[in-house]
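Below, chain A is the first sequence line, B the second, and so on; all start at residue 1. Below, each value reflects all heavy atoms present in this structure, side chains not excepted, and no hydrogens, waters or symmetry copies.
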Amino acid sequence: MSAAFAETGLPSRKLEAWKYTDLRPLAALAPAPAPEIVDTAALAADLPPLPGPRLVFVNGRRAASLSVPPPADMVADLATEGDPARFAPAPLAALNTQFAQDGAAIHVPAGHDAGTLALVHLTIAEDAAPVFVHPRHRIALAQGATLTLIEYAGGRGVYWQNPVVEIVLAPGATLRHVRIQAEDRESFHTATIFVDLLAGARYDAFTLGLGARLARSETHARLGGAGAIAHLAAVQLLRGTQHGDITSVVAHDAPGCASRQTVKNVVDGHARAVFQGRIEVARAAQKTDGYQMSQALLLSPDAEIDCKPELEIFADDVKCSHGATIGALDPEQLFYLRARGIPEAAARAMLVRAFLAEAIEAVSDDAARTLLVRAIDAWWEGAR
Amino acid sequence: MLEIRDLSASIDGKPILNGIDLVVPTGEVHAIMGPNGSGKSTLSYILAGREGYAVTGGEVRLDGVDLLTLAPEERAAAGLFLAFQYPVELPGVGNANFLRTALNATRRARGESDLDAVQFLKLARAALRDLAMADDMLKRNVNVGFSGGEKKRNEVLQMAILKPKFAILDETDSGLDIDALKIVAGGVNALRGPGFSALVITHYQRLLDHIVPDRVHVLAGGRILRSGGPELARALEESGYAALGLEAVSEDTAAMAAP
Ligand SMILES: Nc1ncnc2c1ncn2[C@@H]1O[C@H](COP(=O)(O)OP(=O)(O)OP(=O)(O)O)[C@@H](O)[C@H]1O
Ligand SMILES: [Mg+2]
């Protein structure tokens, strides 16, 4: 591990925000910067089936041979400085700032509907010592612009992927952000997303996490202009000894904004899911509508979920609610399916899919939804 | 042929079935009647393999196969079908997907190939038409928001599609309007033949007017107390269980059945 890395250090569980996620196994890994893969074209088969423009990064470096570039007017300069104050609560973003080499900078001009763009990360650490990659992306939508961004992360071997995505949505802009984390089961994945929404902007995120040995998806959304809307949906499928953490902080800084955080966790084996959801409502943010729901399905007696909702409200005219459910598969439903000849494993899979159906159906992009369904199917097949 | 020999079972140590003997020969339809709480649904659940019962004695064979050692899906594969008294709602599971998955699982168990979506739809639409059900029933989630009668019809739809060799219909008539009763009875009668037998659980003669049983059994206190021809059902309808001396007899259940 490089000296700078050791100095900054990884957040410890003494930090409130890291109480449930222990990064010591990552520290013990002592990863080194990922080497460049020269023959990226050979990785074509590893790419998820995503039509349309895509930027592919292999071991953190742009792989031109695998990419289908977006229109030139969408590519901007990559800014890696970030706002130190903004990063303060996210130590891993600061680490990213130190080590980031490459990433995508996307700018969608005012009023423009830019369709769909994919950002694909492949990390290949086969037959090698553990490596790390710190991708850094910046997405800016100008006034009234629209984009669907699909992020996919996968790879092979033991590695640490620590992306940061900074998103700025100008008034009236809409970003649909679909993220699929399907990393190698030996790997670590920690993503930090910063979203700034101005008046009337809308951010619709859907995160699927089913890979990695340890994963954390941390979103900081700031609703800074009146009438902005942020929907943060997440689904995790965890088994074995996987650890998956969904953390989101939504700051309502302006009046009349709405936010939803909805998380569904399916936890099997000895796996552990974490959901930390925080809603902060500033004094000025009257008429805030904040909603948070965590639903967990525990498929084994040793599966675990830790759920920490937090509401910090300084305005007086707000509507904020949160809820959490934890359950097992319903034995009556399971029996009904089996009584119709459906084998137990398939019946369980049907009920888990049913638990996720509503969340998946809400993803409007067809290619993204197909990819999500395929990833979930593959997860089930991997179970048997 | 379904053979139930001296079947006893309890729930949480409480005896519910107390030595049931019942044989339904292939090709026949038998009716079971009996007071509330006499163990009719318990019997059907035990036959279908639901958890939570302790079988304390006896055996059940379907065409010689010992059912009690099989998982529920294996019993279904062996040709058993239970139309539930209270069909279960499955939010998030589409009826078409459910029916096709069940049908293909059944076909695989019989060594037949899967039906694709088009073949399945054709078959399902025909079955819906026979039961006077709207096509959009396939698009809805299984039993979610269905009326009581629609749920019962959906059970019969599943039976029509899966074509079991032995069906248990647990109060499939309750909640059905007069026209629906005839349609559902028609669905059962359509399956009648040398390769099909059924156990029809009901409280009312009116179902047996349409599905005329070969035999009628009275279950009370977890035992078959009397068996007879279709006239037994009519006698019960007229005078009730008590008049025929067919209240529960075991000490355990006597208290329960008393007015
Ligand atoms: N899970 C259970 N726990 C305790 N007792 C039970 C349970 N299930 C059934 N019983 C009891 O077993 C007895 C038989 O119930 P069952 O449902 O088989 O009756 P039934 O003959 O189907 O009645 P009905 O005509 O009302 O449908 C009843 O006394 C009932 O309360
Ligand atoms: Mg009953």
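Contacts of Leu334(A) with chain B are absent, with no heavy-atom separation under 4.5 Å from either backbone or side chain. Heavy atoms of Ala48(B) lying under 4.5 Å from chain A belong to its backbone as well as its side chain. In this structure, chain A has a heavy atom under 4.5 Å from the backbone of Glu89(B), while its side chain stays farther away. Looking at Glu358(A), there are no atoms closer than 4.5 Å to chain B (heavy atoms on both sides), in backbone or side chain. If you measure heavy-atom distances from Leu90(B) to chain A, the contacts under 4.5 Å come from both the backbone and the side chain. Using a 4.5 Å cut-off between heavy atoms, Asn97(B) contacts chain A through both its backbone and its side chain.
Using a cutoff of 4.0 Å between basic side-chain nitrogens and carboxylate oxygens, Glu73(B) and Arg340(A) are not scored as salt-bridged.
When ring centroids are compared, Phe84(B) and Phe335(A) come within the 6.0 Å threshold.
Contact of the Gln333(A) side chain with the Pro91(B) side chain is registered, since non-hydrogen atoms from C-beta on lie closer than 4.5 Å. Between Val88(B) and Leu337(A) the shortest side-chain heavy-atom distance does not fall below 4.5 Å. A 4.5 Å side-chain heavy-atom check between Arg75(B) and Arg338(A) finds every atom pair outside the cut-off.
Interatomic distance, Gln158(B) CD to Tyr336(A) OH, rounded to the nearest 0.5 Å: 4.0 Å. With rounding to the nearest 0.5 Å, the separation of CG in Leu103(B) from CD1 in Ile342(A) is 10.0 Å.
For the residue pair Ala357(A) and Gly92(B), the shortest heavy atom distance occurs at CB-O, 4.0 Å. Among all heavy-atom pairs drawn from Ala76(B) and Ala339(A), the shortest one is CB-O, 3.4 Å.
The most heavy-atom pairs under 4.5 Å with chain A, out of Pro87(B), Gly52(B), Ala105(B), come from Ala105(B).
Residue-environment remark: CD (Glu344(A)) exceeds the threshold of 12 foreign heavy atoms within 6.0 Å. Arg185(A) CZ: more than 12 foreign heavy atoms inside a 6.0 Å radius.
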